[in-house]
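Order of the sequence lines fixes the chain letters, A, B, ..., with proteins taken first and strands second; residue numbering starts at 1 for each chain.
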There are 2 protein chains.
Amino acid sequence: MPNNQFKKGELYSFITGKASTAIARRLQKKFNTAQLNLTIEQWSVLYHLWKQDGISQQELCNATFRDKPSITRLVDNLEKLKLVKRVSSKEDRRMNLIFLTAEARKMEVESMALAEETLNEALEGVPADMVEVSKQVLQIVYDNLK
Amino acid sequence: MPNNQFKKGELYSFITGKASTAIARRLQKKFNTAQLNLTIEQWSVLYHLWKQDGISQQELCNATFRDKPSITRLVDNLEKLKLVKRVSSKEDRRMNLIFLTAEARKMEVESMALAEETLNEALEGVPADMVEVSKQVLQIVYDNLK
DNA sequence: GGCATATAGTTAGTTAAACAACTAATCAAA
DNA sequence: TTTGATTAGTTGTTTAACTAACTATATGCC
(Lines give C-alpha, C1' and ligand atoms only; values in the text may rest on other atoms or scores of the structure.)
Protein backbone atom coordinates (compact mmCIF):
# COMPACT_ATOMS: atom_id res chain seq x y z
CA MET A 1 0.00 0.00 0.00
CA PRO A 2 1.52 3.30 -1.06
CA ASN A 3 2.34 6.10 1.32
CA ASN A 4 -0.52 8.05 -0.17
CA GLN A 5 -0.41 11.18 1.94
CA PHE A 6 -1.07 13.72 -0.79
CA LYS A 7 -4.20 14.40 -2.73
CA LYS A 8 -3.85 16.12 -6.07
CA GLY A 9 -4.86 19.52 -4.80
CA GLU A 10 -2.09 19.61 -2.23
CA LEU A 11 0.84 18.92 -4.48
CA TYR A 12 1.56 22.35 -5.73
CA SER A 13 3.01 24.18 -2.74
CA PHE A 14 5.34 21.38 -1.76
CA ILE A 15 6.82 21.05 -5.21
CA THR A 16 7.14 24.72 -6.00
CA GLY A 17 8.48 25.62 -2.57
CA LYS A 18 6.55 28.81 -2.21
CA ALA A 19 7.57 29.26 1.42
CA SER A 20 11.32 29.09 0.81
CA THR A 21 10.89 31.28 -2.27
CA ALA A 22 9.11 33.85 -0.14
CA ILE A 23 11.90 33.73 2.46
CA ALA A 24 14.60 34.18 -0.19
CA ARG A 25 12.76 37.11 -1.77
CA ARG A 26 12.32 38.82 1.57
CA LEU A 27 16.01 38.41 2.38
CA GLN A 28 16.99 39.70 -1.06
CA LYS A 29 14.88 42.82 -0.45
CA LYS A 30 16.63 43.36 2.88
CA PHE A 31 20.02 43.04 1.18
CA ASN A 32 19.00 45.57 -1.45
CA THR A 33 17.64 48.01 1.12
CA ALA A 34 20.83 47.70 3.17
CA GLN A 35 22.87 48.38 0.01
CA LEU A 36 24.48 44.97 0.36
CA ASN A 37 25.16 44.36 -3.31
CA LEU A 38 24.68 40.59 -3.12
CA THR A 39 22.34 38.02 -4.60
CA ILE A 40 21.02 35.29 -2.32
CA GLU A 41 22.97 32.75 -4.36
CA GLN A 42 26.19 34.69 -3.91
CA TRP A 43 25.42 35.01 -0.20
CA SER A 44 24.92 31.25 0.03
CA VAL A 45 28.46 30.73 -1.24
CA LEU A 46 29.93 33.31 1.12
CA TYR A 47 27.98 31.66 3.96
CA HIS A 48 30.04 28.49 3.58
CA LEU A 49 33.30 30.38 3.12
CA TRP A 50 32.64 32.27 6.35
CA LYS A 51 32.38 28.89 8.05
CA GLN A 52 35.52 27.61 6.31
CA ASP A 53 37.70 29.74 4.07
CA GLY A 54 39.86 28.35 1.30
CA ILE A 55 37.76 25.36 0.28
CA SER A 56 37.60 24.09 -3.30
CA GLN A 57 34.88 24.70 -5.83
CA GLN A 58 33.88 21.05 -5.57
CA GLU A 59 33.42 21.44 -1.80
CA LEU A 60 31.28 24.49 -2.51
CA CYS A 61 29.20 22.36 -4.90
CA ASN A 62 28.55 19.84 -2.13
CA ALA A 63 27.84 22.46 0.50
CA THR A 64 25.45 24.51 -1.59
CA PHE A 65 23.78 21.64 -3.52
CA ARG A 66 24.79 23.19 -6.81
CA ASP A 67 26.49 21.63 -9.80
CA LYS A 68 29.94 22.58 -11.02
CA PRO A 69 28.95 25.01 -13.79
CA SER A 70 26.77 26.91 -11.32
CA ILE A 71 29.65 27.29 -8.89
CA THR A 72 32.02 28.28 -11.68
CA ARG A 73 29.73 31.16 -12.61
CA LEU A 74 28.99 32.18 -9.02
CA VAL A 75 32.72 32.28 -8.25
CA ASP A 76 33.27 34.21 -11.50
CA ASN A 77 30.77 36.83 -10.38
CA LEU A 78 32.05 36.93 -6.81
CA GLU A 79 35.56 37.44 -8.20
CA LYS A 80 34.32 40.33 -10.36
CA LEU A 81 32.84 41.85 -7.21
CA LYS A 82 36.26 41.38 -5.55
CA LEU A 83 34.69 39.27 -2.78
CA VAL A 84 36.66 36.06 -3.40
CA LYS A 85 39.90 35.00 -5.04
CA ARG A 86 40.69 31.73 -6.83
CA VAL A 87 44.04 30.25 -5.77
CA SER A 88 45.31 27.17 -7.55
CA SER A 89 46.10 24.42 -5.05
CA LYS A 90 49.73 23.42 -4.76
CA GLU A 91 48.89 19.82 -3.79
CA ASP A 92 46.50 19.27 -6.70
CA ARG A 93 46.73 21.70 -9.53
CA ARG A 94 43.29 20.76 -10.82
CA MET A 95 41.74 22.44 -7.78
CA ASN A 96 40.96 26.07 -7.14
CA LEU A 97 40.86 27.05 -3.50
CA ILE A 98 38.47 29.93 -2.91
CA PHE A 99 39.44 32.61 -0.44
CA LEU A 100 37.42 35.49 0.93
CA THR A 101 38.72 39.04 0.52
CA ALA A 102 38.80 41.48 3.42
CA GLU A 103 35.73 43.16 1.97
CA ALA A 104 33.77 39.89 1.97
CA ARG A 105 34.77 39.13 5.55
CA LYS A 106 33.29 42.47 6.56
CA MET A 107 29.88 41.48 5.17
CA GLU A 108 29.32 38.48 7.42
CA VAL A 109 27.87 40.12 10.52
CA GLU A 110 25.39 42.39 8.76
CA SER A 111 24.13 39.82 6.27
CA MET A 112 23.73 37.11 8.89
CA ALA A 113 21.75 39.51 11.07
CA LEU A 114 19.42 40.20 8.14
CA ALA A 115 19.04 36.47 7.51
CA GLU A 116 18.12 35.82 11.14
CA GLU A 117 15.71 38.73 11.08
CA THR A 118 14.06 37.31 7.96
CA LEU A 119 13.63 33.88 9.51
CA ASN A 120 12.17 35.37 12.66
CA GLU A 121 9.65 37.29 10.56
CA ALA A 122 8.87 34.14 8.58
CA LEU A 123 8.29 32.07 11.71
CA GLU A 124 6.36 34.71 13.63
CA GLY A 125 3.60 32.94 15.51
CA VAL A 126 4.86 29.43 14.84
CA PRO A 127 5.42 27.44 18.06
CA ALA A 128 8.96 26.16 18.51
CA ASP A 129 7.91 22.51 18.50
CA MET A 130 6.22 22.92 15.13
CA VAL A 131 9.35 24.53 13.74
CA GLU A 132 11.33 21.58 15.04
CA VAL A 133 9.01 19.08 13.33
CA SER A 134 9.25 21.01 10.05
CA LYS A 135 13.02 21.01 10.16
CA GLN A 136 13.02 17.27 10.69
CA VAL A 137 10.58 16.67 7.83
CA LEU A 138 12.55 18.84 5.41
CA GLN A 139 15.73 16.98 6.35
CA ILE A 140 14.08 13.58 5.78
CA VAL A 141 12.72 14.75 2.43
CA TYR A 142 16.16 15.84 1.40
CA ASP A 143 17.75 12.57 2.57
CA ASN A 144 15.08 10.54 0.77
CA LEU A 145 15.80 12.23 -2.54
CA LYS A 146 19.49 13.08 -2.59
CA MET B 1 11.89 39.59 23.21
CA PRO B 2 12.36 38.40 19.66
CA ASN B 3 11.04 35.12 18.36
CA ASN B 4 14.61 33.86 18.32
CA GLN B 5 14.11 30.30 17.20
CA PHE B 6 17.06 30.04 14.83
CA LYS B 7 20.73 29.89 15.56
CA LYS B 8 23.12 30.94 12.86
CA GLY B 9 24.03 27.41 11.86
CA GLU B 10 20.46 26.49 11.08
CA LEU B 11 19.65 29.29 8.69
CA TYR B 12 20.93 27.84 5.51
CA SER B 13 18.51 25.05 4.66
CA PHE B 14 15.42 27.09 5.38
CA ILE B 15 16.51 29.96 3.20
CA THR B 16 17.85 27.96 0.30
CA GLY B 17 14.93 25.52 0.30
CA LYS B 18 17.02 22.47 -0.34
CA ALA B 19 14.07 20.12 0.24
CA SER B 20 11.77 21.71 -2.32
CA THR B 21 14.68 22.01 -4.74
CA ALA B 22 15.33 18.30 -4.35
CA ILE B 23 11.66 17.52 -4.99
CA ALA B 24 11.59 19.68 -8.12
CA ARG B 25 14.76 18.08 -9.46
CA ARG B 26 13.43 14.59 -8.88
CA LEU B 27 10.18 15.43 -10.66
CA GLN B 28 12.09 17.01 -13.55
CA LYS B 29 14.09 13.80 -13.94
CA LYS B 30 10.87 11.79 -14.04
CA PHE B 31 9.47 14.09 -16.71
CA ASN B 32 12.63 13.68 -18.77
CA THR B 33 12.65 9.90 -18.41
CA ALA B 34 8.99 9.76 -19.39
CA GLN B 35 9.78 11.88 -22.48
CA LEU B 36 7.43 14.55 -21.19
CA ASN B 37 9.13 17.53 -22.75
CA LEU B 38 8.25 19.95 -19.95
CA THR B 39 10.09 22.04 -17.39
CA ILE B 40 8.75 22.13 -13.83
CA GLU B 41 7.96 25.80 -14.30
CA GLN B 42 5.96 25.09 -17.45
CA TRP B 43 4.21 22.26 -15.62
CA SER B 44 3.29 24.62 -12.78
CA VAL B 45 1.47 26.84 -15.28
CA LEU B 46 -0.32 23.92 -16.91
CA TYR B 47 -1.26 22.70 -13.40
CA HIS B 48 -3.41 25.79 -12.87
CA LEU B 49 -4.85 25.68 -16.38
CA TRP B 50 -5.91 22.07 -15.82
CA LYS B 51 -7.82 23.29 -12.79
CA GLN B 52 -9.31 26.24 -14.72
CA ASP B 53 -8.78 26.79 -18.42
CA GLY B 54 -8.93 30.18 -20.08
CA ILE B 55 -7.68 32.36 -17.22
CA SER B 56 -5.64 35.51 -17.78
CA GLN B 57 -1.90 35.92 -17.47
CA GLN B 58 -2.46 38.05 -14.36
CA GLU B 59 -4.43 35.21 -12.76
CA LEU B 60 -1.56 32.89 -13.62
CA CYS B 61 0.81 35.33 -11.90
CA ASN B 62 -1.27 35.17 -8.72
CA ALA B 63 -1.67 31.40 -8.85
CA THR B 64 1.99 30.61 -9.48
CA PHE B 65 3.55 33.39 -7.35
CA ARG B 66 5.43 34.70 -10.37
CA ASP B 67 5.70 38.22 -11.71
CA LYS B 68 4.31 39.33 -15.04
CA PRO B 69 7.49 39.09 -17.11
CA SER B 70 8.03 35.52 -15.89
CA ILE B 71 4.53 34.53 -16.99
CA THR B 72 4.92 36.32 -20.31
CA ARG B 73 7.99 34.23 -21.07
CA LEU B 74 6.55 30.97 -19.76
CA VAL B 75 3.46 31.47 -21.91
CA ASP B 76 5.73 32.35 -24.85
CA ASN B 77 7.54 29.04 -24.46
CA LEU B 78 4.36 27.05 -23.88
CA GLU B 79 2.96 28.60 -27.03
CA LYS B 80 6.07 27.59 -28.98
CA LEU B 81 5.52 24.04 -27.71
CA LYS B 82 1.90 24.31 -28.92
CA LEU B 83 0.59 23.57 -25.42
CA VAL B 84 -1.34 26.83 -24.88
CA LYS B 85 -2.88 29.56 -26.98
CA ARG B 86 -3.28 33.24 -26.15
CA VAL B 87 -6.76 34.58 -26.93
CA SER B 88 -7.43 38.28 -26.53
CA SER B 89 -10.41 38.85 -24.22
CA LYS B 90 -13.48 40.40 -25.80
CA GLU B 91 -14.58 42.09 -22.56
CA ASP B 92 -11.19 43.68 -21.84
CA ARG B 93 -8.82 43.85 -24.73
CA ARG B 94 -5.82 44.33 -22.46
CA MET B 95 -6.17 40.75 -21.27
CA ASN B 96 -4.96 37.54 -22.85
CA LEU B 97 -6.94 34.46 -21.88
CA ILE B 98 -4.76 31.37 -21.93
CA PHE B 99 -6.25 28.15 -23.26
CA LEU B 100 -4.84 24.64 -23.23
CA THR B 101 -4.44 22.79 -26.51
CA ALA B 102 -5.64 19.21 -26.92
CA GLU B 103 -2.04 18.06 -26.61
CA ALA B 104 -1.63 19.80 -23.24
CA ARG B 105 -4.87 18.34 -21.92
CA LYS B 106 -3.49 14.88 -22.68
CA MET B 107 -0.49 15.48 -20.41
CA GLU B 108 -2.45 16.02 -17.19
CA VAL B 109 -2.93 12.44 -16.03
CA GLU B 110 0.61 11.23 -16.62
CA SER B 111 2.36 14.29 -15.19
CA MET B 112 0.16 14.42 -12.10
CA ALA B 113 0.85 10.75 -11.46
CA LEU B 114 4.59 11.45 -11.62
CA ALA B 115 4.15 14.39 -9.24
CA GLU B 116 2.29 12.26 -6.71
CA GLU B 117 4.88 9.53 -7.05
CA THR B 118 7.64 12.07 -6.38
CA LEU B 119 5.94 13.37 -3.26
CA ASN B 120 5.39 9.87 -1.95
CA GLU B 121 9.09 9.13 -2.44
CA ALA B 122 9.98 12.41 -0.75
CA LEU B 123 7.79 11.70 2.26
CA GLU B 124 8.68 8.03 2.62
CA GLY B 125 8.92 7.28 6.32
CA VAL B 126 7.42 10.58 7.47
CA PRO B 127 4.37 10.09 9.71
CA ALA B 128 1.20 11.73 8.44
CA ASP B 129 0.88 14.02 11.46
CA MET B 130 4.37 15.42 10.89
CA VAL B 131 3.52 16.07 7.24
CA GLU B 132 0.42 17.90 8.42
CA VAL B 133 2.43 20.10 10.80
CA SER B 134 4.92 20.92 8.04
CA LYS B 135 2.19 21.93 5.64
CA GLN B 136 0.76 24.25 8.28
CA VAL B 137 4.15 25.80 9.04
CA LEU B 138 4.94 26.38 5.37
CA GLN B 139 1.56 28.03 4.93
CA ILE B 140 2.11 30.32 7.92
CA VAL B 141 5.57 31.24 6.66
CA TYR B 142 4.12 32.14 3.30
CA ASP B 143 1.30 34.17 4.86
CA ASN B 144 3.75 35.99 7.13
CA LEU B 145 5.87 37.13 4.22
CA LYS B 146 3.54 37.65 1.29
C1' DG C 1 56.82 4.34 -18.36
C1' DG C 2 52.40 4.43 -20.75
C1' DC C 3 47.51 4.09 -21.16
C1' DA C 4 42.77 4.10 -19.33
C1' DT C 5 40.01 6.21 -16.09
C1' DA C 6 38.50 9.44 -12.77
C1' DT C 7 38.34 14.09 -10.98
C1' DA C 8 38.33 19.48 -11.07
C1' DG C 9 36.95 22.92 -13.45
C1' DT C 10 35.30 25.61 -17.83
C1' DT C 11 32.43 26.71 -21.89
C1' DA C 12 28.20 26.79 -24.69
C1' DG C 13 23.22 26.76 -25.13
C1' DT C 14 18.49 26.87 -23.30
C1' DT C 15 15.24 28.12 -19.73
C1' DA C 16 13.91 30.93 -16.04
C1' DA C 17 13.67 34.92 -12.28
C1' DA C 18 14.01 39.78 -10.80
C1' DC C 19 13.86 44.46 -11.94
C1' DA C 20 13.08 48.56 -14.68
C1' DA C 21 11.16 50.75 -18.43
C1' DC C 22 7.90 50.51 -21.70
C1' DT C 23 3.00 50.21 -24.68
C1' DA C 24 -1.82 49.73 -24.86
C1' DA C 25 -6.33 49.61 -23.01
C1' DT C 26 -9.48 50.93 -19.36
C1' DC C 27 -11.49 53.79 -15.89
C1' DA C 28 -12.54 57.82 -13.19
C1' DA C 29 -13.18 62.52 -12.39
C1' DA C 30 -13.25 67.31 -13.56
C1' DT D 1 -14.50 64.67 -23.25
C1' DT D 2 -10.17 65.04 -22.23
C1' DT D 3 -6.73 64.31 -18.75
C1' DG D 4 -4.59 61.36 -15.25
C1' DA D 5 -4.17 57.15 -13.00
C1' DT D 6 -4.55 52.23 -13.06
C1' DT D 7 -4.21 47.69 -15.07
C1' DA D 8 -2.48 43.98 -18.47
C1' DG D 9 1.03 42.64 -20.80
C1' DT D 10 5.83 43.05 -23.24
C1' DT D 11 10.82 43.94 -23.76
C1' DG D 12 15.68 44.42 -22.24
C1' DT D 13 19.27 43.35 -19.01
C1' DT D 14 21.61 40.68 -15.45
C1' DT D 15 22.02 36.56 -12.72
C1' DA D 16 21.43 31.79 -12.19
C1' DA D 17 20.34 26.48 -13.12
C1' DC D 18 20.78 22.41 -15.93
C1' DT D 19 22.75 19.59 -19.57
C1' DA D 20 26.32 18.26 -22.53
C1' DA D 21 30.73 18.61 -24.27
C1' DC D 22 35.10 20.01 -23.34
C1' DT D 23 40.37 20.68 -21.18
C1' DA D 24 43.73 19.63 -17.83
C1' DT D 25 45.54 17.18 -14.08
C1' DA D 26 45.92 13.10 -11.27
C1' DT D 27 45.69 8.16 -10.35
C1' DG D 28 45.95 3.29 -10.94
C1' DC D 29 47.10 -0.68 -13.33
C1' DC D 30 49.84 -3.36 -16.68
Side-chain angles (χ1 to χ4, degrees), chain A residues 16-18 20-33 36-46 55-81 83-84 86-98, chain B residues 16-18 20-33 36-46 55-81 83-84 86-98:
Chain A
T16 57
K18 70 177 181 177
S20 59
T21 305
I23 293 173
R25 285 179 192 163
R26 173 68 61 98
L27 179 56
Q28 183 69 67
K29 285 216 175 98
K30 284 183 194 285
F31 282 179
N32 297 346
T33 303
L36 270 179
N37 185 22
L38 263 192
T39 67
I40 299 303
E41 293 81 6
Q42 291 164 356
W43 173 82
S44 80
V45 170
L46 297 182
I55 62 180
S56 70
Q57 293 189 198
Q58 183 57 55
E59 289 171 303
L60 282 173
C61 291
N62 302 338
T64 63
F65 323 117
R66 288 184 170 83
D67 63 5
K68 288 195 280 192
S70 297
I71 290 297
T72 293
R73 300 285 163 38
L74 279 170
V75 172
D76 285 350
N77 285 333
L78 286 167
E79 237 180 359
K80 276 186 217 153
L81 293 168
L83 295 176
V84 305
R86 283 180 169 95
V87 177
S88 189
S89 166
K90 283 170 190 164
E91 286 94 57
D92 184 340
R93 283 182 308 161
R94 290 171 303 180
M95 283 200 288
N96 294 331
L97 305 182
I98 311 301
Chain B
T16 58
K18 70 176 181 178
S20 60
T21 305
I23 293 173
R25 285 180 191 163
R26 172 68 61 98
L27 180 56
Q28 183 69 68
K29 286 216 175 98
K30 284 183 195 285
F31 282 179
N32 297 346
T33 303
L36 271 179
N37 185 24
L38 263 193
T39 67
I40 299 303
E41 293 82 6
Q42 291 164 357
W43 174 82
S44 80
V45 171
L46 296 183
I55 60 180
S56 70
Q57 294 189 196
Q58 183 57 54
E59 288 171 304
L60 283 172
C61 291
N62 301 338
T64 63
F65 323 117
R66 289 184 169 83
D67 64 3
K68 288 195 280 191
S70 297
I71 290 296
T72 293
R73 265 111 194 201
L74 280 170
V75 172
D76 286 349
N77 285 332
L78 286 167
E79 238 180 357
K80 277 186 216 153
L81 293 169
L83 296 176
V84 304
R86 283 179 167 94
V87 178
S88 189
S89 166
K90 284 169 189 164
E91 284 93 57
D92 184 339
R93 282 182 307 161
R94 291 171 302 181
M95 284 200 288
N96 294 331
L97 304 182
I98 311 302

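For C:dT26, one of the phosphate oxygens OP1 or OP2 lies less than 4.0 angstrom from a side-chain nitrogen or oxygen of B:Arg93. Between A:Arg66 and D:dA17 there is a side-chain polar atom (N or O) within less than 4.0 angstrom of OP1 or OP2. In this model, the phosphate group of D:dA16 is approached by a side-chain N or O of A:Gln42 to a distance below 4.0 Å at OP1 or OP2. Between A:Thr39 and C:dA18, a side-chain N or O to OP1/OP2 separation shorter than 4.0 Å is absent. Between D:dT11 and B:Thr72, no contact under 4.0 Å exists linking OP1 or OP2 to a side-chain N or O.
Checked by atom type and distance alone, the side chain of A:Glu79 never pairs as donor or acceptor with a backbone atom of A:Leu74 at under 3.5 Å.
Here C:dT10 is the nucleotide among C:dT10, C:dA8, D:dT10 with the atom lying nearest to any side-chain atom of A:Gln57. With D:dA20, C:dG9, C:dC19 as the candidates, the nucleotide lying closest to the side chain of B:Pro69 is C:dC19.
Counting any heavy atom pair closer than 4.0 Å across all strands shown, A:Asn96 reaches sugar-phosphate atoms only and no base atom. Within the nucleic acid shown, A:Asp67 comes within 4.0 Å of at least one base atom, counting heavy atoms only.
Atom CZ of B:Phe31 is separated from atom C1' of C:dT15 by 15 Å (rounded to the nearest Å). The CD atom of A:Glu59 sits 9 Å away from the P atom of C:dA8 (whole-angstrom rounding).
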